[in-house]
Amino acid sequence: MRKPWRNARSLTPGAVSSQSWLHQHAPATTDKLLPGASDAEIDALQQELGVRIPARLRALWRHCPGVLPGPWVRFLLGNWAPMKFDSVIRKYRSMLEMQQHEDELNNRRSEPGEEFLLWRASWVPFCSDTDRLFGLCLDAETGKLWSWSKYAERAVEFESLSCYLEEMADIFEVPSLATGAKPGLIDGALTWGTPTDPDERALWRPLAR
């Protein structure tokens, strides 16, 4: 089994509580976590993006900078999986290019039209679905967590990364607090929501209330 995350004091109380819960109740999930990133690796990512990485996100990445390939890896609240650094870079660059193209179109229009917010330079994606079509990003300037989707839908979901991790920890302790998909386990792996596949649904067990 993978060793507990190092330097847990650098994490928020919610993250510490969540990582402790995962090691105790979802060992198949912790086995899928990549080794924590070094400060040098995070600094290199920061340089690639050209965006200051907030302290809380740096702390999270020191413990979980992505997951190994496989089923049931979307263990974060909202049914998201932590993104690897190469995926973070690709998603950030592609979304920023789309926003720049949209800005160019707006500048060419003879009359001002409705402007679409696709991406801001301060947004750092950190978790997503397995196809990276939906996910969450952290605004490095305001600290807010925004959701993004392939349909250009954008919305503030949490006031901070700390709030997000605290809510996840609270749901682990009291699953009935979940307002969306409920957490459950499949062979020691944490999942969110009742699986649609009949075989997986037969294995899935909701967390005790």
Side-chain angles (χ1 to χ4, degrees), residues 5-19 33-67 73-104 106-107 115-170:
W5 295 347
R6 58 186 175 88
N7 300 326
R9 286 177 296 179
S10 65
L11 291 172
T12 66
V16 172
S17 177
S18 294
Q19 65 97 1
L33 304 182
L34 292 177
S38 66
D39 285 331
E41 290 171 325
I42 299 173
D43 288 343
L45 173 64
Q46 179 173 265
Q47 186 172 0
E48 285 282 347
L49 301 180
V51 180
R52 178 192 59 83
I53 305 299
R56 290 302 189 190
L57 184 53
R58 293 181 71 98
L60 182 63
W61 278 340
R62 290 190 190 104
H63 303 279
C64 183
V67 290
V73 295
R74 301 194 307 189
F75 68 92
L76 292 175
L77 175 62
N79 205 25
W80 309 122
M83 298 169 67
K84 295 181 180 179
F85 283 3
D86 58 345
S87 296
V88 170
I89 294 171
R90 286 197 300 270
K91 176 54 67 174
Y92 179 85
R93 288 177 174 171
S94 66
M95 297 305 296
L96 200 57
E97 287 175 359
M98 291 175 63
Q99 181 64 61
Q100 292 169 345
H101 178 67
E102 180 64 29
D103 292 342
E104 291 173 359
N106 288 331
N107 292 333
E115 296 186 4
F116 293 98
L117 174 62
L118 298 176
W119 205 257
R120 290 175 176 161
S122 59
W123 287 0
V124 181
F126 70 95
C127 64
S128 69
D129 66 329
T130 50
D131 295 323
R132 290 178 289 281
L133 299 176
F134 305 83
L136 294 178
C137 60
L138 175 64
D139 190 322
E141 294 180 351
T142 67
K144 296 180 184 295
L145 258 62
W146 287 72
S147 60
W148 48 269
S149 78
K150 65 177 182 179
Y151 303 113
E153 298 168 330
R154 306 290 184 265
V156 173
E157 301 293 343
F158 294 90
E159 288 301 305
S160 68
L161 180 58
S162 296
C163 290
Y164 172 70
L165 296 173
E166 291 287 350
E167 182 165 325
M168 183 169 68
D170 289 344

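In this chain, residues are counted from 1 in sequence order.
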Side chains of Asp129 and Asn79: closer than 4.5 Å at any heavy-atom pair? no
Which atom of Pro65 lies closest to which atom of Phe85, heavy atoms considered: CB-CE1, 3.8 Å
Distance in Å, Leu161 CG paired with Arg56 CZ, rounded so as to fall on 0.5 Å steps: 8.5 Å
Using the side chain to side chain contact (heavy atoms under 4.5 Å, CB included) rule, pick out the option among Val67, Val88, Leu60 that qualifies with Pro82. Val67
Looking at Met168 and Phe75, what are the two nearest heavy atoms and their distance? SD-O, 4.1 Å
Among side-chain atoms of Gln99 and Asp103, is any donor-acceptor pair under 3.5 angstrom? yes
Restricting to non-hydrogen atoms, name the atom on Ala140 and the atom on Val51 that form the minimum distance, rounded to 0.1 Å. CB-CG1, 3.7 Å
Check the pair Asp43, Arg58 against side-chain contact (heavy atoms from CB on, under 4.5 Å), reporting the backbone distance first and the verdict last. CA-CA 9 Å; Asp43 288 343; Arg58 293 181 71 98; 2.8 Å; yes
Just so I know, are the side chains of Arg52 and Val124 near enough to count as touching, which here means a heavy-atom distance under 4.5 Å? no
For the CG atom of Leu33 and the CD atom of Gln19, what is their distance to the nearest 0.5 Å? 10.0 Å
Determine whether Pro54 and Leu138 make a side-chain contact, defined as any pair of heavy atoms from C-beta on separated by less than 4.5 Å. yes
Checking ring pair (Phe, Tyr, Trp, His ring centres under 6.0 Å) between Trp146 and each of Trp123, Tyr164, Trp119, Phe134, which is the one that passes? Trp123
Gap between atom CG of Asp39 and atom CD1 of Ile53 - 0.5 Å precision: 12.0 Å
Between Arg154 and Ser149 (side chain of the first, backbone of the second, donor and acceptor by atom type, cut-off under 3.5 Å), is there such a pair? yes
Starting at CE of Met98, measure out to CD of Gln100 and round the result to the nearest 0.5 Å. 11.5 Å
Flag side-chain contact, heavy atom, 4.5 Å: Phe158 against Glu167: yes
Work out which heavy atom in Ser18 is nearest to a heavy atom in Leu165; give both atom names and the distance. OG-O, 4.0 Å
On a heavy-atom basis, which atom in Thr130 and which in Val73 lie closest, and how many Å separate them? CG2-CG2, 4.4 Å
Working to the nearest 0.5 angstrom, can you tell me the gap between Cys163 SG and Glu157 CD? 13.0 Å
Exam field: side chain Lys91 to backbone Arg132, donor-acceptor pair closer than 3.5 Å: yes
Please tell me whether Trp61 and Phe126 form a close aromatic pair, meaning their ring centres lie under 6.0 Å apart. no
Got a second to check how far Leu145's CG is from Ser162's OG, nearest 0.5 Å? 9.5 Å
Please check if atom CD in Glu104 has more than 12 non-hydrogen atoms from other residues, nucleotides or ligands closer than 6.0 Å. yes
Non-hydrogen atoms of Leu118 and Glu102 that approach each other most closely: CD1-CB, 4.2 Å
